[in-house]
Amino acid sequence: MSRLRRSMLFLPGSNAAMLSTAFVYQPDSIMFDLEDAVSLREKDSARLLVFHTLQLPIYKEFGIETIVRINSLKTEFGLKDLEAAIWGGADAIRLPKTDSAQEIHELEVHMARIEKASGREVGSTKIVAAIESALGVVNALSIAQSSPRLMGIAMAAFDYLVDMQTQRGDGSELFYARCAVLHAARVAGIDAFDAVFSDVDDEEGFLKEVELIKHLGYNGKSLINPRQILPLHNAYSPTQAEVDYAQQVIAAAEEGEKKGLGVISLNGKMIDNPIINSARRVISRYEASGVRQ
């Protein structure tokens, strides 16, 4: 089973206090942002802060995945950000405004070079591609299949909606893009992350959107406030009935394997690999955050 990635918490790379303490909120992934959250005059100092923060052992001790959103490689900051992230030990790089597979290939070349120089295993640093435009949505499948480094593809709403000449509403404005990104991820066998819900005071609206993206099949969601982590994790937690059934499925599968049965059944119904894998995901979520409250 791949790791849980329900929550990806954005942290401004220039905020030293947040960088050193955010592990207490226990998101699944923390994304150190060197792009939009950092002003031009703070780019260099933020990069240095993130480099040193990545080397703190506390994030690994808490099992939190570390991701760095670099600036575009088309800017003067992108390659410097990439160097700092890989030398610092980041688990993954988030490439903003990904419009084509070629951009992933270009990133790969630089990553391999830096990994060799830093002594890291080539290919060990993963990639999250952020889709932020109509072109990116149309090319989502080729982007998702572009590299074995791709561990996820993320929907980003603000720039996409500007590109589409609309704005946030009832969710219909994002429906096609969400489906396109999700389908691309599933075909490629990688994770899919939904866009940020920016109104941190609208908990009802946030939970409504979480239920939607969970129902669609998204692995998780990008977040901008630690207050959103627990409600998100709870929404992704299974009910007691789901846990009970999953445990029965896994027990039946294990018993069938011991007996060498070609066909496994539970309560008169055949249990196949998709059902078993689904049961394992339920148990994984249960072990991470308990039963849904």
Side-chain angles (χ1 to χ4, degrees), residues 2-12 18 22-23 25-33 35-37 63-69 91-92 94-98 126-132 136-137 140 144 150-161 168-186 188 190-238 281-282 284-285 288-289 292-293:
S2 61
R3 66 180 297 154
L4 284 179
R5 293 189 176 101
R6 302 159 296 178
S7 53
M8 185 182 294
L9 179 65
F10 277 67
L11 291 181
M18 290 186 70
F23 63 87
Y25 302 111
Q26 297 187 43
D28 294 328
S29 306
I30 282 183
M31 198 190 68
F32 304 109
D33 189 5
E35 196 211 14
D36 288 345
I64 298 172
E65 184 176 44
T66 54
I67 302 170
V68 177
R69 178 163 78 164
D91 294 316
R94 178 156 164 156
L95 184 66
K97 302 174 179 61
T98 310
K126 301 305 179 184
I127 299 173
V128 180
I131 305 301
E132 306 185 42
V137 169
L150 256 291
M151 65 81 165
I153 187 169
M155 183 69 215
F158 182 78
D159 285 347
Y160 168 74
L161 293 176
R168 279 276 201 166
D170 62 1
S172 59
E173 71 284 351
L174 286 172
F175 188 73
Y176 173 78
R178 278 178 167 144
C179 290
V181 168
L182 179 61
H183 278 75
R186 292 295 168 261
I190 60 177
D191 288 344
F193 309 103
D194 189 49
V196 161
F197 186 86
S198 57
D199 188 350
V200 296
D201 295 320
D202 182 7
E203 185 172 0
E204 181 180 354
F206 173 71
L207 290 175
K208 182 179 179 181
E209 185 163 282
V210 169
E211 286 298 327
L212 170 65
I213 62 111
K214 178 191 172 188
H215 188 67
L216 285 174
Y218 271 80
N219 297 85
K221 190 169 182 62
S222 300
L223 307 175
I224 58 169
N225 193 293
R227 284 162 40 198
Q228 297 173 319
I229 296 172
L230 284 179
L232 174 64
H233 286 187
N234 183 59
Y236 267 81
S237 297
R281 282 193 293 270
V282 168
S284 179
R285 289 175 180 174
S289 54
R292 181 168 181 167
Q293 303 297 314

K.L.:
Does Leu174 reach the side chain of Leu161, with side-chain heavy atoms less than 4.5 Å apart?
P.N.:
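Contact flag for Leu174/Leu161 side chains = yes.
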K.L.:
Indicate yes or no: at least one non-hydrogen side-chain atom of Ile67 is less than 4.5 angstrom from one of Met151.
P.N.:
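Counting from C-beta outward, Ile67 and Met151 do come under 4.5 Å.
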K.L.:
Hey, does Arg178 have a side-chain heavy atom less than 4.5 Å from the side chain of Leu182?
P.N.:
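Not touching, per the 4.5 Å side-chain cut-off.
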K.L.:
Just wondering, do Ile213 and Met155 contact through their side chains at under 4.5 Å, heavy atoms?
P.N.:
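Not touching, per the 4.5 Å side-chain cut-off.
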K.L.:
Can you give me the closest heavy-atom contact between Ser237 and Lys214, atom names plus distance?
P.N.:
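The answer is O-NZ, 4.2 Å.
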K.L.:
Has Glu211 got more than 12 heavy atoms of other residues, nucleotides or ligands less than 6.0 Å from its CD?
P.N.:
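Yes, the 6.0 Å shell around CD holds more than 12 heavy atoms from other groups.
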K.L.:
Using a strict threshold of under 4.0 Å (side-chain N to carboxylate O), is an ion pair present between Lys126 and Glu65?
P.N.:
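Between Lys126 and Glu65 there is no salt bridge, as every charged N stays at least 4.0 Å from the carboxylate O atoms.
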K.L.:
Under 3.5 Å, is there a donor-acceptor pair linking the side chains of Arg168 and Ser198?
P.N.:
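No - no donor-acceptor pair under 3.5 Å links their side chains.
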K.L.:
Which heavy atom of Leu9 sits nearest to which heavy atom of Pro226, and what is that distance?
P.N.:
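Closest pair (atom of Leu9, atom of Pro226, distance): CD1-N, 4.0 Å.
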K.L.:
Which pair of non-hydrogen atoms, one from Phe197 and one from Gly205, has the smallest distance, and what is that distance?
P.N.:
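Residues Phe197 and Gly205, closest heavy atoms: CZ-C, 3.5 Å.
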K.L.:
Side chains of Asn234 and Ser289, heavy atoms from C-beta outward: is any pair under 4.5 Å?
P.N.:
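They are not in side-chain contact.
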K.L.:
Check this for me: Phe10, atom CZ, are more than 12 non-hydrogen atoms of other residues, nucleotides or ligands nearer than 6.0 Å?
P.N.:
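It does: Phe10 CZ has more than 12 such atoms within range.
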K.L.:
Do Asn219 and Tyr236 have side-chain heavy atoms sitting under 4.5 Å apart?
P.N.:
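Side chain of Asn219 against side chain of Tyr236, heavy atoms only: no contact under 4.5 Å found.
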K.L.:
Taking the side chain as every heavy atom from C-beta outward, state whether Tyr160 and Ile131 have any atom pair closer than 4.5 Å.
P.N.:
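Sidechains of Ile131 and Tyr160: no contact.
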K.L.:
Would you call Asp170 and Lys208 a salt bridge, taking side-chain N to carboxylate O under 4.0 Å as the test?
P.N.:
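Here Asp170 does not pair with Lys208 in a salt bridge, since their nearest N and O are not under 4.0 Å apart.
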K.L.:
What's the shortest heavy-atom distance between Pro27 and Ala22, and which atoms?
P.N.:
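Scanning both residues, the minimum pair turns out to be CD-O, 4.0 Å.
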K.L.:
If we count only N and O atoms by modelled type, under 3.5 Å, do the side chains of Ser222 and Arg94 hold a donor and an acceptor together?
P.N.:
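On atom types as modelled, these side chains qualify, holding a pair under 3.5 Å.
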K.L.:
Donor-acceptor pair, Arg292 side chain versus Ala235 backbone, under 3.5 Å?
P.N.:
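Such a contact is found between Arg292 side chain and Ala235 backbone.
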K.L.:
Which atoms form the tightest heavy-atom contact between Ala184 and Ala144, and what is the distance?
P.N.:
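Minimum heavy-atom separation between Ala184 and Ala144: O-CB, 3.6 Å.
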K.L.:
Does the side chain of Val200 come within less than 4.5 Å of Gln228's, by heavy atoms?
P.N.:
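Touching, per the 4.5 Å side-chain cut-off.
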K.L.:
Restricting to non-hydrogen atoms, name the atom on Gly217 and the atom on Arg186 that form the minimum distance, rounded to 0.1 Å.
P.N.:
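Taking every non-hydrogen atom into account, O-NH2, 2.7 Å.
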K.L.:
Under the criterion salt bridge (Lys or Arg N to Asp or Glu O under 4.0 Å), which of Lys221, Arg6, Arg5 is the partner of Asp28?
P.N.:
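It is Arg6; the other options fail the test.
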K.L.:
Output, in order, the C-alpha distance, side-chain angles, deciding distance and verdict of salt bridge (Lys or Arg N to Asp or Glu O under 4.0 Å) for Asp201 and Arg227.
P.N.:
CA-CA 10 Å; Asp201 295 320; Arg227 284 162 40 198; 3.5 Å; yes
